[in-house]
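Notes for the one structure printed next.
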Amino acid sequence: MKKYIIQTYGCQMNEHDSEKISYTLEGAGYTYTDHLEEADFILLNTCIVRENAEHKVLGQLGALKHLKQKKPDLIIAVSGCMMQTGKARDIIRDKYRHVDIIFGTKNIDDLPYILNEYFQTGEPVLAIEEEMDLGEDETHVIRGSKHKAYISIAYGCDNYCSYCIVPYARGREISREPGRIIEEARILAEEGYKEITLLGQNVNSYGKTLRYPIRFPELLEELNKIDGLSRIRFMTSHPKDLSDELIDAMGRLDHVCEHFHLPVQSGSDAILKRMNRKYTRDQYMELVRKLREAVPGIALSTDIIVGFPGETEADFLQTLDLVKQAEFDAGFTFIYSPRPGTPAARMEEQVPKEIVSDRFQRLVDEMYAIYLRKNRARIGTTMEVLVDGTSKTDTAVLTGRTRTHHLVHFPGEPTMIGQLVDVRITGATSFTLEGEQV
Ligand code: 5AD
Ligand code: SF4
């Protein structure tokens with residue numbers, strides 16, 4: 001039996017693409033392995049959003065060269081955002097002769113044909129499409145979980161935040177037909193899935209490109225009617241498109257989880273403007289206020305970039321101040337990474353590395369302290385946990401997520417994996433809650 005492995009870099013969108021790719025590989029007769037040395041087919045599904053993601057892929061491809069020398073029949077493939085644009089793509093295409101198959105984010109449906117071509121000719125195959133074709137739009141996936149699932153609702157991004165390469169890699173925003181999404185969710189519910197996460201670069205603008213446009217809250221409304229799906233999540237949301245209608249839907253629809261990931265990126269109006277984010281800090285804080293008012297107990301998480309070109313100490317202090325006011329429950333903090341081809345990479349006044357590292361450290365210290373304070377406040381409360389698996393270090397401990405997306409550890413049996421369990425919280429760190437089943 002031939003074996004395959006997919007190494008996925010980057011976001012949930014990529015993880016879900018890997019699930020789609022798995023379907024085709026298994027259809028072609030491969031079975032999954034966790035071990036690189038055992039694999040006959042190795043795929044790197046790449047990310048381009050920051051430079052270090054690209055470095056990791058180039059490093060891994062360097063290592064794979066040796067593996068291929070030992071095992072000449074090994075097939076090495078590279079896919080994902082990094083293959084859509086940029087210098088690293090050209091380097092891999094032109095110089096990494098041990099790579100057999102390269103395909104882009106818009107060629108996942110073409111993979112059966114790409115494999116055929118490779119097997120018939122034995123020659124390297126390159127397939128990179130610029131435009132997304134949703135013509136067939138069938139969902140064929142081998143999912144990584146039996147109880148929670150990703151559903152793509154839109155591809156691409158039209159926002160052109162000045163630091164971001166995604167619109168160049170994933171292209172213009174295009175929405176899937178609501179009927180397809182609802183059907184996919186219904187089938188998942190019938191199969192016993194409890195949680196779905198709707199994926200798009202900016203789910204809040206879902207529906208604009210449809211022949212019969214509908215809005216994101218209307219889609220949520222339909223999905224909320226499906227029996228058995230207890231939890232509906234979505235990501236990511238752009239603050240500029242977060243409507244009152246969506247906030248209202250969040251408060252009203254019982255299956256929609258009390259968690260909102262709302263990337264702020266910076267707390268300085270001057271920087272937000274240069275980032276082309278199209279909202280001010282006051283407008284952002286107003287959204288935070290409305291969400292907390294409409295959805296009691298909601299957890300808010302965010303993304304923040306430190307060291308955007310021209311960021312002064314005063315700008316940074318504005319970010320720190322916003323973080324304190326918003327009291328985020330979780331977040332991702334990134335050091336700005338210039339992406340060739342984006343407007344920000346051409347801006348002068350790139351901030352020196354030492355200053356950026358110092359600000360980064362101050363920011364995470366502040367954020368982690370807030371997470372800890374907020375998590376401690378949950379001690380004594382009871383939270384519903386969807387059990388994901390056992391802890392990596394102790395199989396007598398289960399791990400799972402609350403509706404608010406908090407990670408919880410508690411003692412229990414592996415038979416509880418996939419179940420919804422009420423857990424009383426007994427301890428907290430900045431990133432995890434501990435508890436016991438009630
Ligand atoms: N540098 C650093 N972080 C970035 N992000 C996007 N582009 C860059 C970049 N060039 C971050 C943003 C976004 C998250 C997915 O990645 O915060 O929300
Ligand atoms: Fe990038 Fe901005 Fe689009 Fe997010 S909304 S993918 S940060 S361009």
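Indexing begins at 1, ligand by ligand and atom by atom, following the structure's order.
Put simply, no part of T236 is less than 4.0 Å from ligand 1, judged by heavy atoms.
Near Q265, meaning under 4.0 Å from any of its heavy atoms, are these atoms of ligand 1: 12 (C), 13 (C), 17 (O), 18 (O). Of all atoms in ligand 1, listed by their number and element, those nearer than 4.0 Å to a heavy atom of I305 are 3 (N), 4 (C), 5 (N), 12 (C), 17 (O). Near Y336, meaning under 4.0 Å from one of its heavy atoms, ligand 1 places the atoms 1 (N), 2 (C). Atoms of ligand 1 lying under 4.0 Å from at least one heavy atom of R339, given by number and element, are 10 (N). Here is the list of ligand 1 atoms found below 4.0 Å of a heavy atom in S337: 1 (N), 2 (C), 9 (C), 10 (N). Against a heavy-atom cut-off of under 4.0 Å, V49 is close to the following atoms of ligand 1: 6 (C), 7 (N), 8 (C), 9 (C), 10 (N).
Contacts with ligand 1 closer than 4.0 Å are made by no heavy atom of T342, backbone or side chain. Counting heavy atoms under 4.0 Å from ligand 1, residue F334 touches it through the side chain alone.
With atom 13 (C) of ligand 1 as the reference point, the heavy atom nearest to it among V306, T333, T302, D303 is part of D303.
Counting heavy atoms from C-beta outward, F103 and E129 have side chains that stay 4.5 Å or more apart. A 4.5 Å side-chain heavy-atom check between M235 and C11 finds every atom pair outside the cut-off. Considering only heavy atoms from C-beta on, C161 comes within 4.5 Å of H238 through its side chain. Contact annotation: the side chain of I21 approaches that of L25 to within less than 4.5 Å [non-hydrogen atoms, C-beta and beyond].
Between Y206 and F234, the ring centre distance reaches or exceeds 6.0 Å. For Y4 and Y32, the gap between ring centers is short of 6.0 Å. Y368 has its ring centre less than 6.0 Å from the ring centre of F431.
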